[in-house]
Amino acid sequence: MSPGRPPEIVVVRSPAEMDQALEVRRRVFVEEQRVPAELEIDEHDGNPAEVTTALHVLALELGLPLATGRLILSHEADGRPHIGRVAVLKDHRGRGIGRAVMLALHDLARERGFTAVTLAAQVHAIGFYEKLGYAARGPLFLDAGIEHRWMDVRL
Ligand code: COA
C-alpha cells in the first residue's frame, strides 16, 4: 500500500542521496533488466559536489527512494541536454512517479536556459515519453542489448 501523499522529488545534492539514486538504478537496470553493472554507472555519476556534467533527481516517499533520473547537461554530439537512467521501482509504477521525475528534469533544463531535450528511449517506454510530448526519430539501435530510439521534446 502506498501513502496518499505523492513522493517528494529532490535534486541530489549529497553522496548519500547519490547512493540512493544508484540503488534504485541497480534494482531496476541491473537486477530487473540485466544490464551489466559496469555499464550502468559512468562518469556522470558520483559525488554531486564533484560531478559537474549531470544533475540527478530522486523521488522520496517517507524518506525511501522510489525513483530517479538524470540530466546530462550537454552532449558533444548535439549540445542539447540528455535525460537518462529514468527508473521507478517496479512496485511503484503506474502512480505518476515517472512523470514527476521527468517534469523535475525538464524544470532543471529550463532553469539552465535549454529549450529542448533529447533521450534514448527503450522501445517499451516510447509511449511513456510520448505522453510527455516527445517524438521519436531515426531507426532502432541497441544499447546494452536493449532496443532504443532517439526521442526529442521542445520545452
Ligand atoms: N508505455 C506507454 N505508456 C506508459 C508506459 C509505457 N511503458 N509507462 C507509463 N505510461 C503512461 C502511464 O499510463 C501514464 O499515462 P496517463 O498520463 O494517461 O495516466 C503516463 O505514462 C505516466 O506514467 P507514470 O505512472 O508516471 O510512469 P511510471 O512511474 O510507471 O514510470 C517508467 C514509467 C518507464 C519510468 C517505468 O516503467 C520504469 O522505471 N521502467 C523500467 C526502467 C525503464 O525502462 N526506464 C526507461 C528507460 S528509457
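When reading the values below, keep in mind they use all heavy atoms of this one structure, side chains included, and skip hydrogens, waters and symmetry mates.
- Judged by distance alone, with hydrogens and angles left aside, the side-chain atoms of Thr115 form no donor-acceptor pair with the main-chain N or O of Leu155 at under 3.5 Å.
- Under a cut-off of 6.0 angstrom, the local environment of CZ in Arg80 is crowded, with over 12 non-hydrogen atoms contributed by other residues, nucleotides or ligands.
- To the nearest 0.5 Å, atoms CG (Leu22) and CG (Leu58) are separated by 10.0 Å.
- Residues Val117 and Met102 have side chains not in contact (no heavy-atom distance under 4.5 Å, counting atoms from C-beta outward).
- Of all heavy-atom pairs spanning Leu89 and Arg27, the tightest one is CD1-NH1, 3.8 Å.
- Closest approach of Met18 and Val12 over heavy atoms only: N-CG1, 3.5 Å.
- Side-chain atoms of Leu132 and Arg99, non-hydrogen and from C-beta on, do get closer than 4.5 Å to each other.
- Residues Thr68 and Ala21 share a closest heavy-atom pair of OG1-CB, 3.4 Å.
- In the hydrophobic cluster analysis, where Ile, Leu, Val, Met, Phe, Trp and Tyr join through side-chain heavy atoms closer than 4.5 angstrom, Phe114 is grouped together with Val86.
- No option in Glu32, Glu40, Glu31 other than Glu40 meets the salt bridge (charged side-chain N to carboxylate O under 4.0 Å, His left out) test with Arg25.
- One distance of note links CG of Asp152 with CG of Leu119; it measures 8.0 Å at 0.5 Å rounding.
- Listed for the Arg13 side chain is no donor-acceptor partner under 3.5 Å among the backbone atoms of Pro48.
- Counting all heavy atoms, side chain and backbone alike, Thr53 lies closest to Glu43 at OG1-O, 4.3 Å.
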inquiry  = Pair Glu130, Met151 - check side chain to side chain contact (heavy atoms under 4.5 Å, CB included), show working.
reply    = CA-CA 9 Å; Glu130 282 176 339; Met151 298 188 83; 3.8 Å; yes
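- Remark: His56 NE2 to Leu105 CG distance equals 10.0 Å, nearest 0.5 Å.
- Put simply, the side chain of Tyr134 reaches to within 4.5 Å of the side chain of Ile83, judged on heavy atoms.
- Residues Pro65 and Leu60 meet the side-chain proximity criterion, which asks for heavy atoms closer than 4.5 Å.
- In this structure the side chain of Arg95 reaches within 4.5 angstrom of the side chain of Glu61, judged on heavy atoms.
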message = Determine whether Tyr129 and His148 satisfy the following criterion, ring-ring contact (aromatic ring centres under 6.0 Å, His included), listing intermediate values before the conclusion.
response = CA-CA 12 Å; Tyr129 294 117; His148 287 74; over 10 Å; no
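- A continuous path of hydrophobic side-chain contacts links Ile9 to Phe128 [ILVMFWY only; heavy atoms under 4.5 Å].
- Cluster membership check: Val11 shares its hydrophobic cluster with Val101, using side-chain heavy-atom separations under 4.5 Å among Ile, Leu, Val, Met, Phe, Trp and Tyr.
- Here Asp143 contributes atom CG and Leu39 contributes atom CG; the two are 8.0 Å apart, rounded to the nearest 0.5 Å.
- Following chains of ILVMFWY side-chain contacts shorter than 4.5 Å, one can reach Leu55 starting from Leu103, so the two form part of one hydrophobic cluster.
- Counting only distance, with no hydrogens or angles, the side chain of Arg112 and the backbone of Leu108 share a donor-acceptor pair below 3.5 Å.
- For the pair Val88 and Leu66, the minimum side-chain heavy-atom distance is 4.5 Å or more.
- Gln20 places none of its side-chain heavy atoms less than 4.5 Å from the side chain of Val24.
- Contact annotation: the side chain of His82 never approaches that of Leu71 to less than 4.5 Å [non-hydrogen atoms, C-beta and beyond].
- Salt-bridge formation is not detected for the pair Asp45/Arg85: no Lys NZ or Arg NE/NH1/NH2 atom is positioned less than 4.0 Å from an Asp or Glu carboxylate oxygen.
- Trp150 and Ile72 are not part of a single hydrophobic cluster, where members link through side-chain heavy atoms under 4.5 Å apart.
- The CD1 atom of Ile146 lies 11.5 Å from the CZ atom of Arg34; values are rounded to the nearest 0.5 Å.
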